[in-house]
Each structure stands twice: as structure tokens, then as C-alpha cells.
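Written below as C-alpha cells is the structure these notes are about.
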Amino acid sequence: MVFQNFNLFNNLSVLDNVVVPQVTVLKRDKESAKRHGLEILQQMNMAPFVNAKPAQLSGGQKQRVAIARSVAMDPEMLLFDEPTSALDPEMVDDVLAAMRDLARTGLTMIVVTHEMEFARDVSDTVIFMHDGVVGEQGTPEQLFGNPQEDSTKDFLKRYLNRA
């Protein structure tokens, strides 16, 4: 799971934040975990920062490290809880680009987000939640192009400037 607040270990380097969980949880040997971690950090455009501590990173960089840490665990599925909500607007694009790249790999992702254009672009299925329950679901084309529920229509008007 990728959280809003990154949950990185401030006393560890970027690389160690990705390596330690693999060694501890998956029982990977440290060299394999390091190779795997470096590969994923490269994919996240974080290779130049492998020796940095989280305090030296921007919010978007921290989130990409958190994503790399999760991906390094070789999950069948990744859960994202508002992964861009704690970021400055200029950092959002970097994180969404990294997530788009992951989506292209075929990794199943469940994303709770208010980034509607992102959801429309990368989703196979979109579920609109309203008052804690499923309000409407369908393909991006169905939900964004022809919403059926008033709550969905109202939400999309606010977030996509739809008429």
C-alpha cells in the first residue's frame, strides 16, 4: 500500500528504504534486494538520490520512493490512498507519471484519488464513491462520458469543469 504521508524511515537512505523491507519481509539476500531496488528506483527516476535521506527530498520524490518500496515487494496489486494529496501541485505530475508507467506494466492498481483526468486515462474500471458507498461504476468512457447518477454528474462538473 502506498500512503499519503510516505511512511519512509528518516534514518535510512532512499536505497535502504527500498532494500530493508525486501530483506526483512521477503527474506531476499541483501545483494538481490539492492539490485532489484536500484532497478525500480531507476524506473521511478530516483536513481540520482539513492544515498539521500528522506529529509533531503521533495514531497514528490518521497512519494516516488514510497512507490518504489511497494513495487520492490513484487505485489500482485498495489493500493494507493490519495497518493498526491500531500504534494505541492508541481510535484503531482511526477508522481502521476510514475503511476502511469506502472499502469503500463500491467500491475493491478486500486487508486483512491481526486485526480479525475488521471483516473480517466489509466483506468479499466472506475468506481465513484458517494457518502461512503458505491454511487456508480463502469468503464472510464461510461462514467466520465455518460454518468447516470446525479451525484456523479455533480462531482464531475466540479472536478472536470463539465457543463
Side-chain angles (χ1 to χ4, degrees), residues 1-129 132 139-140 143-144 155-156 158-161:
M1 182 162 189
V2 179
F3 298 96
Q4 294 176 18
N5 60 352
F6 325 123
N7 292 336
L8 300 176
F9 293 103
N10 290 321
N11 61 320
L12 298 179
S13 69
V14 164
L15 182 58
D16 287 339
N17 264 283
V18 176
V19 170
V20 168
Q22 295 178 69
V23 171
T24 305
V25 176
L26 300 179
K27 307 299 183 206
R28 275 197 182 125
D29 68 89
K30 191 167 182 171
E31 283 307 310
S32 295
K34 185 176 178 181
R35 279 192 305 276
H36 190 51
L38 286 169
E39 178 182 308
I40 293 165
L41 286 166
Q42 178 71 35
Q43 292 169 0
M44 296 286 131
N45 295 316
M46 289 304 296
F49 302 95
V50 294
N51 294 314
K53 298 285 174 97
Q56 298 170 297
L57 303 175
S58 71
Q61 291 167 330
K62 289 176 187 177
Q63 191 62 294
R64 286 184 283 150
V65 173
I67 293 168
R69 179 188 53 204
S70 294
V71 172
M73 301 301 287
D74 299 328
E76 292 181 31
M77 166 188 318
L78 265 183
L79 308 175
F80 291 85
D81 177 22
E82 288 285 358
T84 59
S85 68
L87 303 179
D88 292 332
E90 58 270 8
M91 298 294 141
V92 170
D93 289 341
D94 290 340
V95 171
L96 293 179
M99 292 173 66
R100 275 187 182 89
D101 290 343
L102 281 177
R104 287 185 197 108
T105 70
L107 178 65
T108 298
M109 301 187 308
I110 297 175
V111 183
V112 176
T113 187
H114 286 89
E115 297 289 341
M116 294 298 98
E117 289 184 27
F118 171 77
R120 182 180 54 207
D121 292 345
V122 302
S123 299
D124 296 318
T125 301
V126 177
I127 299 173
F128 173 72
M129 301 290 293
T139 67
L143 197 107
F144 291 102
F155 180 85
L156 292 174
R158 279 196 312 273
Y159 285 93
L160 292 177
N161 298 320

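Remember, it's a predicted structure, so these values are computed and weren't measured experimentally. The chain is numbered in sequence order, starting from 1.
- Every residue two or more places apart in sequence or in another chain was checked for a salt bridge (charged side-chain N to carboxylate O under 4.0 Å, His left out) with Arg35, and none qualifies.
- Judged purely by atom type and a 3.5 angstrom limit, Asp29 uses its side chain to pair as donor or acceptor with the backbone of Ser32.
- Counting heavy atoms from C-beta outward, Arg64 and Asp94 have side chains that approach closer than 4.5 Å.
- Between Pro75 and Ser70, the shortest heavy-atom contact is CD-O, 3.4 Å.
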Next on the checklist: Checking Val14 against Leu41 for the side-chain contact (heavy atoms from CB on, under 4.5 Å) test, could you report, in this order, the C-alpha distance in whole Å, the side-chain angles of both residues, the deciding distance, and whether it holds?
Outcome noted: CA-CA 9 Å; Val14 164; Leu41 286 166; 3.7 Å; yes

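- Considering only residues two or more places apart in sequence or on other chains, Glu82 meets the side-chain hydrogen bond (donor to acceptor under 3.5 Å, both in side chains) condition with His114.
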Item to check | Worked check of side-chain contact (heavy atoms from CB on, under 4.5 Å) between Leu78 and Thr108 | outcome: CA-CA 6 Å; Leu78 265 183; Thr108 298; over 6 Å; no

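- Heavy atoms only, all atoms of each residue included: Pro54 and Lys62 are closest at O-CE, 2.8 Å.
- For Asn45, the side-chain hydrogen bond (donor to acceptor under 3.5 Å, both in side chains) test picks out no residue, with sequence neighbours left out.
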Item to check | Candidate pair Leu12 and Lys53, rule side-chain contact (heavy atoms from CB on, under 4.5 Å), full reasoning | outcome: CA-CA 6 Å; Leu12 298 179; Lys53 298 285 174 97; 5.8 Å; no

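- At a threshold of 4.5 Å between non-hydrogen side-chain atoms, the residues Leu102 and Ile67 count as touching.
- Two residues are said to be in side-chain contact when any heavy atoms from C-beta on lie closer than 4.5 Å; Phe155 and Met116 meet this criterion.
- For the pair Tyr159 and Glu117, the minimum side-chain heavy-atom distance is 4.5 Å or more.
- The salt bridge (charged side-chain N to carboxylate O under 4.0 Å, His left out) check on Asp81 picks up nothing, with sequence neighbours excluded.
- Under a 3.5 Å cut-off, the side chain of Gln63 and the backbone N or O of Pro83 do form a donor-acceptor pair.
- Between Leu15 and Lys34, the closest side-chain pair of non-hydrogen atoms falls below 4.5 Å.
- No donor-acceptor distance shorter than 3.5 angstrom exists from the side chain of Glu39 to the backbone of His36, with no hydrogens or angles considered.
- The heavy-atom pair separating Ile40 from Ala72 by the smallest distance is CD1-CA, 3.3 Å.
- Here CE of Met99 is found 11.0 Å from CG of Asp101. Values are rounded to the nearest 0.5 Å.
- Between the Gln4 side chain and the Ala86 main chain, no donor and acceptor come within less than 3.5 Å of each other.
- Note that CG of Leu87 and OG of Ser58 are 8.0 Å apart. Values are rounded to the nearest 0.5 Å.
- For the atom pair CZ of Phe80 and CE of Met109, the computed distance is 5.5 Å after rounding to the nearest 0.5 Å.
- Residues that satisfy the side-chain contact (heavy atoms from CB on, under 4.5 Å) test with Asn7, not counting sequence neighbours, are Phe3, Asn5, Arg69.
- In this structure the side chain of Thr84 reaches within 4.5 angstrom of the side chain of Glu115, judged on heavy atoms.
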Item to check | Steps toward side-chain contact (heavy atoms from CB on, under 4.5 Å) verdict (Met46, Leu57) | outcome: CA-CA 10 Å; Met46 289 304 296; Leu57 303 175; 4.2 Å; yes

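- Looking at residues two or more places apart in sequence or on another chain, you find a salt bridge (charged side-chain N to carboxylate O under 4.0 Å, His left out) between Arg28 and Asp74.
- In this structure the side chain of Val126 reaches within 4.5 angstrom of the side chain of Phe144, judged on heavy atoms.
- When all heavy atoms of Met44 and Ala98 are compared, the pair lying nearest together is SD-CB, 3.7 Å.
- Nearest heavy-atom pair, Gly60 versus Val95, reported as atom, atom and distance to 0.1 Å: O-CG2, 3.6 Å.
- The backbone N or O of Ser13 sits less than 3.5 Å from a side-chain atom of Asn17, completing a donor-acceptor pair.
- The shortest side-chain heavy-atom distance between Phe9 and Asp16 does not fall under the 4.5 Å cut-off.
- Nearest approach of Pro140 to Asp124, heavy atoms of both residues: CD-O, 3.5 Å.
- To the nearest 0.5 angstrom, Gln56 atom CD is 10.0 Å from Gln61 atom CD.
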